Amino acid sequence: MKIEIISGLHRKAPAAILVSTPGQRILLDAGGALEPDEAPWPVPNDLDAVLLSHDHGDHIAGLSRLPMDIPIYCSEVTAQALPPGRNVQPIPVRGQFRLGDILVTTGSCGHAWGGVWFHLDVAGGLFYSGDISMESALFRFDPPPPADIALVDASYGLYDTPQRQQMDKLRVHLQQPTLCPVPPSGRAVELALLSAREGKTDIALDAACRAMLIQMAEQNDGSLQSEVAAELQMLAQTLPLFSADAQLVLAADPDGINGMAGTLRGREDFHHRTLFTGHMNQLARQQWLAGEVEFCRWNVHPTLSCLQALVSQLSCRWFAPLFTVIDSPTQWQQALNCHIITDPMIETERCQ
Ligand SMILES: [Zn+2]
């Protein structure tokens with residue numbers, strides 16, 4: 001068996017990983033560009049299946065370059081974000097399904113609504129995280145079964161500041177009128193939920209984010225924390241209609257270029273500060289360096305402590321830190337106490 005990390009190793013890049021067994025060729029995620037000028041990853045031929053972890057562009061937007069008839073395995077929520085006409089095979093957020101002779105286990109990833117991690121019962125267990133977070137108040141994270149090889153979201157590198165500390169910093173930023181560009185299925189609803197818990201009601205969600213809130217309030221597909229249902233229903237009922245004058249405006253898209261976030265930022269009468277809380281593309285980073293926008297990380301990827309807990313849960317021996325620069329493999333090895341994968345081609349015999 002071979003694993004090829006086509007895209008996503010050594011830098012924050014779209015996710016695309018090819019798993020080739022004697023009988024099947026399976027693509028894990030099919031990410032789209034994070035930067036406008038980014039060259040697309042080479043599409044492998046003869047694919048039997050594509051497994052999609054969650055509905056963010058850097059995990060699904062590369063699908064447009066794949067043939068229409070390939071079976072796409074993803075949750076019902078993720079399927080909503082796909083263009084029509086795709087050969088979608090719905091999978092449970094928390095459960096199992098078969099791909100030929102491979103048993104695939106899924107669990108909620110704690111990062112996005114309808115988002116999952118994958119565990120394949122090949123080569124002593126192969127775990128692919130997609131994007132994960134163990135610190136979400138809104139999304140549950142299911143502990144995965146043991147796996148020898150782990151390909152894991154390490155978007156924050158060796159950063160290790162817990163969410164409660166970031167929350168304190170965020171409160172300071174939010175004392176002034178603020179626009180947060182956000183992905184609707186991710187931190188929009190979580191930020192609204194936590195603000196509501198603190199008694200702050202002067203919040204506006206744009207149509208895309210509000211639609212997600214309403215769907216989440218109506219149905220827990222397995223990816224939400226069990227205790228938030230009543231709070232989400234209350235929030236959906238009591239949240240005022242959208243107003244650009246609200247103290248905290250949560251709006252798509254996460255780059256702050258398109259969608260309501262882009263529209264508002266283009267308006268001359270809109271004076272809220274723009275606060276990025278997630279990945280900033282080059283343009284956003286330039287604006288941040290120039291002092292035109294603010295940045296305060298809201299943890300939606302694992303801290304080092306979370307990665308250490310995950311490694312212990314998986315009992316993995318081989319670990320690929322995905323979506324991050326790997327400056328020092330030795331440092332990673334010491335931090336996680338397992339072999340660090342730095343070569344995008346993984347022959348599983350070598351992992352014995
Ligand atoms: Zn994501």
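Whatever order the structure lists ligands and atoms in, that order sets their numbers, starting from 1. No experiment lies behind these values; they were computed from the predicted model shown.
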Would you please test Phe242 and Val249 for side-chain contact (heavy atoms from CB on, under 4.5 Å) and show each step?
-> CA-CA 9 Å; Phe242 181 82; Val249 178; 3.8 Å; yes

Kindly determine whether Phe127 and His119 satisfy ring-ring contact (aromatic ring centres under 6.0 Å, His included), including the steps that lead there.
-> CA-CA 4 Å; Phe127 174 75; His119 179 284; 7.3 Å; no

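Annotation: His111 is in aromatic contact with His56 [ring centroid separation under 6.0 Å].
Here Lys200 does not pair with Asp202 in a salt bridge; the nearest charged N to carboxylate O distance is not below 4.0 Å.
Shown here are the protein N/O/S atoms lying under 2.8 Å from the Zn ion (ligand 1), water excluded: His54 NE2, His56 ND1, His111 NE2, Asp131 OD2.
Around CE of Met68, the count of heavy atoms belonging to other residues, nucleotides or ligands within 6.0 Å exceeds 12.
For Gln24, the side chain to side chain contact (heavy atoms under 4.5 Å, CB included) test picks out Thr21, Ile26, Asp48, Leu99, Asp101, Ile102, with sequence neighbours left out.
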